[in-house]
A.B. asks: 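Quick one: this structure, given as C-alpha cells, is what I'll be asking you about.
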Amino acid sequence: MNILQELENFINEFNQDNNEEFSIDSIRIEFSKQHKKKKLDGIGKWEKLQKNSNILHKLKNRLGVDEVTSVMRLEKHNIYYYNSNKDKPKYRTATMVIFGLKQYHKSPPPHHIVSKVLSILNNVTNIDICLDIPYKPKIELLENYFTLKQFITKDGVSTDTHYINNTNASMIEKIVIYDKALKNGLDCVLWRIEALISIPNIKVLALPLQEFKRITDLLKGIE
DNA sequence: AAACGACCGATTGACAGATA
DNA sequence: TATCTGTCAATCGGTCGTTT
C-alpha cells in the first residue's frame, strides 16, 4: 500500500474511534537525490525559485538558512524540495515539502500527485497534523500545563499566534495555534491548532494523536 | 530485483574582478 | 556600462559493490 494511504488510514481510524477531525496539512521528507531525481522529473516540470522570491524566504525559515542552496518547485503546486549543502561536497541531500493540504482559500495540491511523490520517495520524516475549530480556542487553559510563547513580529507587535515549544510528547516537536481566518482572509471565524510531528521510522507507523487530542481538548475547553 | 551508498568526473551556475 | 574570464560552489550522471 502507498505511504500516503497508510497515513490517511491511520488518521481516519483515529478520527472515527475518537469522534475527531484531524487532518494532514504538511508533509516533509528528507531524501537523497542520487536515485530519485529521475523519477521525480517524470512527475512534471520542476522549476528553480528565484534567489529573492519570498516563497524561498518563507521556506528557509524551517531549516538552517545556511544549508539551503536552492529550492525547486513542481509546476504551480505547493510541492517543493530544498537542495542542501550539509553533505558537501556531494550536494545530494534534499528535503521535500508538501504543504497547504488542508486549506480553504485555495485548492490543495492534487492528491494523485502527492501520492506519486510519496510513492517515489517511499518515506516521511515529518508531518503537520491540524485541527480547525470555528471559535477562538481557550489558550488560557493550556497555560496550566505548558509554557506558551506568543509570536511577536519584528516591529514588536504581539499577535494571537501561540507556540508550545516543549510538549512533553517526544514525537511532537511543537504546537502552533493561530487565527486561520485572519491568515487566509476568510470571511468567518476559524482557528487552527497544528502539531509538528516527527516520524523516526515510517515502517513502524505510530502518530501521537492521543497526545495531540489532549491538547486540542483543552483548547476546546474540555478539561 | 530493486534500492542504496561511496566514489569519480563532467557540467553548470554564481559572483567578482578585469577588460573593452 | 557591457562583456569577458577565472574561480569556486553546486549539480548531476555513471559505475560498482552492498543492502534490503
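Note that these values count all heavy atoms, side chains included, but never hydrogens, waters or copies made by symmetry. In the text below, chain A, chain B and the rest are named by the order of the sequence lines, each starting its count at 1.
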A.B. asks: Using the ring-ring contact (aromatic ring centres under 6.0 Å, His included) criterion, which residues pair with A/Tyr163? Sequence neighbours excluded.
C.D. replies: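 Residues passing ring-ring contact (aromatic ring centres under 6.0 Å, His included) with A/Tyr163: none at all.
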A.B. asks: Decide whether A/Lys174 and A/Asn166 meet the rule of one side-chain donor and one side-chain acceptor closer than 3.5 Å.
C.D. replies: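 Checked: A/Lys174/A/Asn166 side chains show no N/O donor-acceptor pair below 3.5 Å.
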A.B. asks: Tabulated below should be each protein N or O lying under 3.5 Å from an N or O of nucleotides 10-12 of chain B; please produce it.
C.D. replies:
none

A.B. asks: Do A/Val114 and A/His77 have side chains that get closer than 4.5 Å, going by heavy atoms?
C.D. replies: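 Of all side-chain heavy-atom pairs linking A/His77 with A/Val114, none is under 4.5 Å.
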A.B. asks: Does a side-chain heavy-atom distance below 4.5 Å link A/Leu131 with A/Glu21?
C.D. replies: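 Yes, close enough: below the 4.5 Å cut-off.
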A.B. asks: Less than 4.5 Å apart, any side-chain heavy atom of A/Leu40 and any of A/Trp46?
C.D. replies: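 Counting from C-beta outward, A/Leu40 and A/Trp46 do come under 4.5 Å.
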A.B. asks: A/Lys36 near the nucleic acid: base, sugar-phosphate alone, or nothing, with a heavy-atom cut-off under 4.0 Å?
C.D. replies: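 Answer is sugar-phosphate: A/Lys36 comes under 4.0 Å of backbone atoms only.
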A.B. asks: Quick one: stems involving DNA chain C, counted as three or more successive Watson-Crick or G-U pairs, both distances short of 3.5 Å.
C.D. replies: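 B:1-20 with C:1-20 - these are the stems of 3 or more pairs that involve DNA chain C.
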A.B. asks: Side-chain contact test, heavy atoms from C-beta onward, threshold under 4.5 Å: evaluate it for A/Leu101 versus A/Ile98 and give yes or no.
C.D. replies: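 A side-chain contact under 4.5 Å exists here.
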A.B. asks: With a 4.5 Å cut-off on side-chain heavy-atom distances among I, L, V, M, F, W and Y, is there a chain of contacts connecting A/Leu148 to A/Tyr145?
C.D. replies: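 Yes.
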A.B. asks: Quick one: A/Asn122 CG to B/dC4 C1', roughly how many Å, whole number?
C.D. replies: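 Taking CG of A/Asn122 and C1' of B/dC4, I get 12 Å after rounding.
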A.B. asks: Going 5' to 3' through nucleotides 6-20 of chain C, assign each nucleotide B (protein heavy atom under 4.0 Å from a base atom), S (under 4.0 Å only from sugar-phosphate atoms) or - (no protein heavy atom that close).
C.D. replies: ---SBBBBBB-----
A.B. asks: Report, one line per pair, each donor and acceptor closer than 3.5 Å where one atom sits in a side chain of residues 209-222 of chain A; sequence neighbours left out.
C.D. replies:
residue  : atom : partner  : partner atom : Å
A/Lys213 : NZ   : A/Glu20  : OE1          : 3.1
A/Thr216 : OG1  : A/Lys213 : O            : 3.1
A/Lys220 : NZ   : A/Glu20  : OE2          : 3.4

A.B. asks: Give the rounded distance in Å between these two atoms: NZ of A/Lys203 and C1' of B/dA3.
C.D. replies: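 Rounded to whole Å, this separation is 11 Å.
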A.B. asks: In this structure, would A/Ile113 and A/Leu121 fall into the same cluster of hydrophobic residues linked by side-chain contacts under 4.5 Å?
C.D. replies: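 Linked within one cluster.
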A.B. asks: So, using side-chain hydrogen bond (donor to acceptor under 3.5 Å, both in side chains) as the criterion, who are the partners of A/Lys180 when residues are at least two apart?
C.D. replies: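 With sequence neighbours excluded, A/Lys180 shows a side-chain hydrogen bond (donor to acceptor under 3.5 Å, both in side chains) to no residue whatsoever.
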